[in-house]
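Since the structure comes first, as structure tokens, the remarks are kept for the end.
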Number of protein chains: 2
Amino acid sequence: MKRPTQADVARLAGVSRATVSYVINGRADRSVSITEETRQRVLWAIEQLGYQPHAAAQSLRSGMTKIIGLLIPDMHNPHYWQIVRGVEDAARAEGYDLLLASTSLDPKREQHSVRALLRRRIDGLILLLTFGDRLASEIEMLARRHGPVVLLGGQVPGLDVVEPGYESGAAQMMRYLLSLGHRRIAFIHGVACPTLGGERLTVYRRVLQERGWLNERWVIHCGSTLEDGYQAASHLLDCSPRPTAILVVNDLLAIGALRAVADRGLRVPEDISIAGFDDIEVAAYLTPPLTTVRVDSETLGRESVRLVLARMRDPERPLQHIRVSAQLIVRASTGSAPAD
Amino acid sequence: MKRPTQADVARLAGVSRATVSYVINGRADRSVSITEETRQRVLWAIEQLGYQPHAAAQSLRSGMTKIIGLLIPDMHNPHYWQIVRGVEDAARAEGYDLLLASTSLDPKREQHSVRALLRRRIDGLILLLTFGDRLASEIEMLARRHGPVVLLGGQVPGLDVVEPGYESGAAQMMRYLLSLGHRRIAFIHGVACPTLGGERLTVYRRVLQERGWLNERWVIHCGSTLEDGYQAASHLLDCSPRPTAILVVNDLLAIGALRAVADRGLRVPEDISIAGFDDIEVAAYLTPPLTTVRVDSETLGRESVRLVLARMRDPERPLQHIRVSAQLIVRASTGSAPAD
DNA sequence: TTGAAAGCGCTACCAA
DNA sequence: TTGGTAGCGCTTTCAA
């Protein structure tokens, strides 16, 4: 019970293999023309046998895989999933399948995954790198040889980039928190690699520095799990004086922070304000609903696919750098700074 | 600047293409043996050229793609990601890449995705079907021709199945709620397809029926988004008398329910208890932390991969049906039924 | 309008 | 111990 091949179809339809190929690939319009009757016979034979073209053979011959690869840092963070959704959607709409890999926040694995993805001669690659710097030169080289590679955030010379507008988002957020009267603002920087989310931290530091309110003790570096967020917030809550607001590098960790506050019997936002980044879907449904900076992650994914496809079509087009804007979303987790 | 092929390596190393192949595939041990010196020269040439085997060509020749396909219903629900994590992990550990597709809760798209996946002659396929029944016969047929197909829940004759133990979990949950004195227990069945989560609903009905407390007005069928959960719960809260507990088909929707309760100024669990299924990661960090039924989703994913690989190795092995057990996790969102 | 045939890059069998 | 070589299934050019 072997799977039927193109030759089987040809035999059954009483035509040559080339004809079958023409019919399938719809080349019937331009250079080649096929009798409607022949076409129908071929179609019938295909149906009859349940024939399906062999993807590997097509790839080998045509040089296209019809696959787009996506590398994300961490499957735990919903934010990345929203990106995956955007990518999957856009890719599928164009007839591409999605090969997904995650770094699991491990540099070795990131390197390994990038190589594995590249090895497949996938049509296009979208990389959301965690430890990118270490690989920059290798990626640059490989990208030159392989097809299109688009970076989702970060910087590698010679590559198209889609950049989330966290920087302006962070600035909006800081302005907002200051307008509420907060001065003791903490920052939880829970990421696998210091460079990740760096722009948010930088803006935070700069804004407070300008006012002389920066206190490095209130910048917590920790891991990237919910529990890390919880622990970091717990630590901050035990400080004296306590910060009146905690800005968290992403919503996932902010959820951990909310829990920490609740566990200490404190109220949000009366006793302390909490805010995050990303506007993951649950953010609006938390108790209290979370103030955050929205970066439309599906758009991030979609745009990446767009760039990849565009580069496929025209490898010589000028380098693109697209910025997806961010927007402050005020909900109930932030309020005026409590009087001392 | 074309990519080097095996022939280039052979030329540079001064050996034949076959030798290169042997070196790469480490067949040097058994049937064929290669001088250490030759081996080194080949390795050197590979390094020199930055040669990487062409995956499509390998697939075509060897018949293996080193890819496992996974179809999930919906990228919005964290529960499914946890499964994806398990699959990705296990697959990568065995040298397989992951091709991911999501149904987006659309039957057409499910059918289309299954076909696309099958078409690739992927080494193995893991399906978490939403509308499986409609496709059952097609899948069965295709599975016979194609490689291993494992079902994650559901039933298709002739296929290996990994089944989450929701049924026993639901029974534990109902027993627990009853022990807290609840009699007016509602059920939010927010799924894309009635059969999904059916076992949970069935247990719910059976248990209440036995006591004569079943009230179909308290069974809400709705969609599968957070907002659907919110709306469904809102509706239930407006009933009079109000249910004293709401069991939600999954944690994601339960989050929506928690929000609805909070928005009405009611307290969980004093005024009403809320419980879900899956034990997604955020469940423990919600306010209040959510009582739920844990089904270890990573294990679900891992086991699926295990079955796929086992079936690859031995297509004739007896059909497997693995049940992953469920466990009641009591947290703060459930409490004694309020006195009337 | 259709068919023949040359590979795409690789693996594995057989011969040397 | 190594090399020659026949395909895997498909697309596409060229000829008929």
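Every chain is numbered from 1 and lettered A, B, ... according to where its sequence line falls, protein lines coming before strand lines. For clarity, every value in this text was computed on a predicted model and none was experimentally measured.
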Is there a donor-acceptor pair under 3.5 Å between the side chain of B:Ser102 and the backbone N or O of B:Pro73?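 Not confirmed, B:Ser102 side chain does not pair with B:Pro73 backbone.
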Between B:Glu298 (side chain only) and B:Arg85 (backbone N and O only), is there a donor and an acceptor less than 3.5 Å apart?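 No, the answer is negative, given that no donor and acceptor are paired below the 3.5 Å cut-off.
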Quick one: is [N] close enough that its OP1 or OP2 comes under 4.0 Å of any side-chain N or O from [X]?
{"X": "B:Tyr22", "N": "C:dC10", "value": "no"}
{"X": "B:Thr5", "N": "C:dC8", "value": "no"}
{"X": "B:Gln58", "N": "C:dG9", "value": "no"}
{"X": "A:Thr35", "N": "C:dT2", "value": "yes"}
{"X": "B:Thr19", "N": "D:dG3", "value": "yes"}

In terms of side-chain heavy atoms of [X], which of [options] is nearest?
{"X": "B:Ser16", "options": "D:dG3, C:dC8, C:dC10", "answer": "D:dG3"}
{"X": "A:Ala18", "options": "C:dG3, D:dG9, D:dT2", "answer": "C:dG3"}
{"X": "B:Thr38", "options": "D:dT12, C:dT2, D:dT2", "answer": "D:dT2"}
{"X": "B:His54", "options": "C:dG9, D:dG9, D:dG4", "answer": "C:dG9"}
{"X": "A:Val15", "options": "D:dT11, C:dT11, C:dG3", "answer": "C:dG3"}
{"X": "B:Asn25", "options": "C:dG9, D:dC10, C:dT11", "answer": "C:dT11"}

Please determine if A:Arg311 and A:Asp160 form a salt bridge, counting it only when a charged side-chain N lies under 4.0 Å from a carboxylate O.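 Answer for the salt bridge query: yes.
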Taking only residues two or more places apart in sequence or in another chain, which ones pass salt bridge (charged side-chain N to carboxylate O under 4.0 Å, His left out) with [X]?
{"X": "B:Asp89", "result": "A:Arg109, B:Arg302"}
{"X": "A:Asp97", "result": "A:Arg92, B:Arg120"}
{"X": "B:Arg41", "result": "B:Glu37"}
{"X": "B:Arg323", "result": "B:Glu163"}

From [atom1] of [X] over to [atom2] of [N], roughly how many Å is that when rounded to an integer?
{"X": "B:Gln6", "N": "C:dA12", "atom1": "CD", "atom2": "C1'", "answer": "11 Å"}
{"X": "B:Arg17", "N": "D:dT5", "atom1": "CZ", "atom2": "C1'", "answer": "8 Å"}
{"X": "B:Ile24", "N": "C:dA12", "atom1": "CD1", "atom2": "C1'", "answer": "14 Å"}
{"X": "B:Arg61", "N": "C:dG9", "atom1": "CZ", "atom2": "C1'", "answer": "11 Å"}
{"X": "A:Arg39", "N": "C:dT1", "atom1": "CZ", "atom2": "P", "answer": "13 Å"}
{"X": "B:Asp8", "N": "C:dG9", "atom1": "CG", "atom2": "P", "answer": "9 Å"}
{"X": "A:Arg41", "N": "C:dT2", "atom1": "CZ", "atom2": "P", "answer": "8 Å"}
{"X": "A:Met64", "N": "D:dT11", "atom1": "CE", "atom2": "P", "answer": "13 Å"}

Tell me every residue that passes side-chain contact (heavy atoms from CB on, under 4.5 Å) with B:Gln40, counting only those two or more places apart in sequence or in another chain.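 Listed in chain order: B:Glu36, B:Leu43.
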Specify the angle, to 10°, made by the local axes at the two ends of the helix from C:dT1-D:dA16 to C:dA16-D:dT1 when five pairs are taken at each end.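 Rounded to the nearest 10 degrees, the bend comes out at 40°.
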